[in-house]
Amino acid sequence: MKLSYSPTSPYARKVRAVAHLKGISDRIELVAIDTWNIPESLRAANPLGKVPCLTRDDGSSLYDSPVICEYLDRLTPAPSLFPSEGEPRWSALRLQALGDGIMDAAVERYVEMHRPPGTQMREWSERQANGIARALDRMESVPEEFAGETIGTVSLACALGYLDLRFPGDHWREGRPALAFWYEMCSNQAWMIETAPSLARQASK
Ligand SMILES: N[C@@H](CCC(=O)N[C@@H](CS)C(=O)NCC(=O)O)C(=O)O
């Protein structure tokens, strides 16, 4: 399988983290994409022209990150990152949506920052920043939600890693000791260390 990714994309990191946790990283060839200059080959595989995109051995592709992650999760039985049913499933999927939503808002804010001066919309950036802050506050108030290891916790960890990469001045840990402590524990895990954004390619989205 081939994974089109960018070394700084939090969504692609989520997929790589899942592959690592499932012990199948060696079955996936990584194809680096410059997300400011999307090649035609990626548009052919994913009409949205976004990473991550997984091209399977039969040539068919899967996107976006929630779909790829669930596909990878089913390739081997353990550990299962997508609870199969009941409240544990909704809880994991909700947390994934929250982590992915933080990524959406942070990427949006980062792109906005790169618009030429005079064309940037401060209100739009603030709206994204406020959404991120509310999501983090919600998580801080329900630490039981990020116990265990599911697609939700993987997504949240990758989202927090992206905030550190792009918005270190936000100091998201301030006033959120539970989340900060949990993230510290995650950061020491091999799946986080192995997938950390490469500093050499920080320019891409
Ligand atoms: N919902 C998608 C979001 C993917 C996404 O936005 N990827 C960004 C990189 S972080 C991208 O490829 N952007 C290229 C573009 O929009 O032109 C997912 O979960 O995979």
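Position 1 is the first residue of the sequence; numbering continues from there. Counting starts at 1 for both ligands and their atoms, in listed order.
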Ligand 1 to P66, heavy atom cutoff 4.0 Å, flagged ligand atoms 19 (O)
Exercise. For F181, is the NZ or CZ atom of R173 found under 6.0 angstrom from the centre of its six-membered ring and inside 45 degrees of the ring axis?
Worked result: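 Here R173 fails the 6.0 Å and 45° test against F181.
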Looking at F167, does the NZ or CZ of R109 lie under 6.0 angstrom from its six-membered ring centre and within 45 degrees of the ring axis?
-> yes
P52 heavy atom under 4.0 Å from ligand 1: yes
Open item on the list: Yes or no: does V51 have any heavy atom under 4.0 Å from an atom of ligand 1?
Closed with: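 V51: in contact with ligand 1 (<4.0 Å).
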For the OG atom of S155 and the CG atom of L93, what is their distance to the nearest 0.5 Å?
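Atom-to-atom, S155:OG and L93:CG are 10.5 Å apart.
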What's the separation between atom CE in M113 and atom CD in Q128, rounded to the nearest 0.5 Å?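 Here the interatomic distance stands at 13.0 Å.
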Q. Does CD in E85 sit with more than 12 non-hydrogen atoms of other residues, nucleotides or ligands closer than 6.0 Å?
A.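 At most 12 heavy atoms, drawn from other residues, nucleotides or ligands, come within 6.0 Å of this atom.
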TODO: Could you tell me whether R138 atom CZ has more than 12 heavy atoms of other residues or ligands within 6.0 Å of it?
DONE: no
Min over C53, S4, S65, S155 of heavy-atom distance to atom 20 (O) of ligand 1 lands on S65
Counting heavy atoms under 4.0 Å, the part of A12 that contacts ligand 1 is neither
Do ligand 1 and Y11 have nitrogen or oxygen atoms that lie under 3.5 Å from each other?
no
Quiz item: Does any N or O atom in K50 lie less than 3.5 angstrom from one in ligand 1, N or O only?
Solution: yes
